[in-house]
Participant: 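Below you will find the structure I want to go over with you.
Throughout, a chain's letter reflects where its sequence line sits, starting with A, and its residues are numbered from 1.
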2 protein chains.
Amino acid sequence: MAASRHASRARRPVPGDAYGLELLDCYEGRGRYEVVERDDGYIDTGGDVLFYFGTFPAWPAHVQEALRAAHGRVLDIGCGAGRHALYCQENGLPVVGIDNSPLAVEVCRRRGVQDVRCMSITQLSRRLGVFDTILMLGNNFGLFGGYRRAKWLLRRFGGMTSDGAILIAETMDPYQTDNPDHLAYHELNRRRGRMSGQVRIRIRTRAVTTAWFDYLFVSRPEMEDIVAGTGWRVQRYLNSSGPGYVALLEKDG
Amino acid sequence: MAASRHASRARRPVPGDAYGLELLDCYEGRGRYEVVERDDGYIDTGGDVLFYFGTFPAWPAHVQEALRAAHGRVLDIGCGAGRHALYCQENGLPVVGIDNSPLAVEVCRRRGVQDVRCMSITQLSRRLGVFDTILMLGNNFGLFGGYRRAKWLLRRFGGMTSDGAILIAETMDPYQTDNPDHLAYHELNRRRGRMSGQVRIRIRTRAVTTAWFDYLFVSRPEMEDIVAGTGWRVQRYLNSSGPGYVALLEKDG
């Protein structure tokens with residue numbers, strides 16, 4: 001592979017449910033690698049889609065420990081292929097999974113998740129009933145998307161949860177990297193008034209792409225800043241040996 | 001991962017040697033998956049970059065058989081990480097490797113390829129001396145890029161080779177697929193006056209992209225049509241169990 005020639009205007013990939021498609025492709029044995037394109041042109045393909053289909057023994061210790069804190073009625077936000085929802089079900093916890101990807105919801109149903117709905121995080125309300133545990137695992141604290149939106153949604157989640165509720169939020173400290181592309185992206189983000197770890201990305205599968213969306217990675221101090229004044233507080237952190245960690249949030253007073 | 005929000009204009013990835021960078025990343029243990037973007041928006045990440053570093057025992061039987069036909073002074077076009085050049089060297093065949101990727105050339109040098117040059121296929125001339133074998137393995141018949149260019153370069157290769165020379169050209173029959181995206185792309189190509197299997201692609205690694213370039217896949221009849229009148233002829237085909245095959249070309253009279 002070499003040689004460059006005729007320039008051409010690239011056709012856009014087709015807008016659609018590329019995230020669900022990658023899950024369905026993997027579920028049906030057609031493909032395994034997730035392609036994430038960031039809005040600075042950085043393209044990442046480190047992710048094995050099989051990851052979304054893992055079971056408890058394959059999860060890192062801090063995620064296993066986090067799940068042991070799950071109790072009562074569970075809401076799994078961005079449930080993907082349903083791995084955490086299935087774990088809750090198998091352990092006798094009633095769980096509602098939501099994902100905004102129709103094909104992800106389809107994969108969850110095929111895999112036996114009993115209550116899964118196609119819905120985005122901003123559509124959540126008390127209409128789904130009251131929850132004792134909210135799961136935002138698989139870095140899904142990121143679904144908050146940004147600083148203000150996170151605060152707004154955390155407050156809203158207060159009204160959807162019991163007094164003893166916990167919120168199990170997984171993220172990654174974005175500053176624990178020496179990748180120059182990532183460091184330059186943090187700087188770009190700060191220049192445009194965004195949080196360093198607020199990545200604008202889209203998922204691409206075959207000829208299909210998701211819309212661009214914001215996904216938020218935060219350090220522990222940034223986590224605490226976001227949580228402050230929302231009716232939640234950090235009860236404890238569950239740490240990994242790398243940049244990933246779980247924040248276990250409880251109601252604040 | 002879910003939720004879509006703020007639209008944004010994507011920044012372009014940085015133009016550069018993304019192909020060589022993926023080889024260097026793999027060589028230095030940083031990454032392993034090749035991302036190929038086609039100009040219809042199709043993105044492919046099936047390729048393990050380790051493939052470029054394979055050795056003889058790992059190669060398919062038809063490629064092994066093709067290499068047994070190599071003799072005399074060898075030119076390896078699009079030598080990548082140097083796997084075929086190293087094989088020739090180890091078997092006592094003097095070999096010149098060329099690749100238009102500076103970082104690929106660097107990887108070849110580090111791996112011990114003795115004569116490797118940064119040069120595109122169109123820069124080849126008799127100044128490199130006369131060759132007895134030309135290698136276009138790893139689907140590098142594709143580097144011909146298109147119908148006319150292939151004919152032009154084949155004629156030119158006639159003047160750079162001995163009377164008993166052979167050209168070992170690997171490609172893939174593009175019609176052996178039932179992937180609807182690929183079939184639609186063939187149709188698009190025919191509508192714009194290109195060969196069905198003439199893919200316009202670019203390689204993306206981290207924030208870097210190659211320029212768009214044409215890479216040609218042909219069926220056996222198309223191979224024979226291209227070779228006709230160029231001073232070469234198909235001596236035999238070495239077939240795989242799939243769409244991939246090698247055409248062994250010899251001088252025509």
Participant: What's the spacing between A:Arg206 CZ and B:Asn179 CG if we round to 0.5 Å?
Facilitator: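 It is 6.5 Å, given to the nearest 0.5 Å.
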
Participant: Please flag which part of B:Thr45 lies under 4.5 Å from any non-hydrogen atom of chain A: side chain, backbone, both or neither.
Facilitator: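 Backbone plus side chain of B:Thr45, per the 4.5 Å heavy-atom cut-off to chain A.
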
Participant: For a quick test of reading the model, state the closest non-hydrogen atom pair linking B:Pro13 to A:Gly41 and the distance between them.
Facilitator: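 Taking every non-hydrogen atom into account, CB-O, 3.7 Å.
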
Participant: Rounded to the nearest 0.5 Å, how far apart are OH of A:Tyr33 and CD1 of B:Ile43?
Facilitator: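 Here the interatomic distance stands at 15.5 Å.
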
Participant: Using non-hydrogen atoms and a 4.5 Å limit, figure out which bit of B:Asp181 sits close to chain A: side chain, backbone, both or neither.
Facilitator: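 Just its side chain gets close to chain A.
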
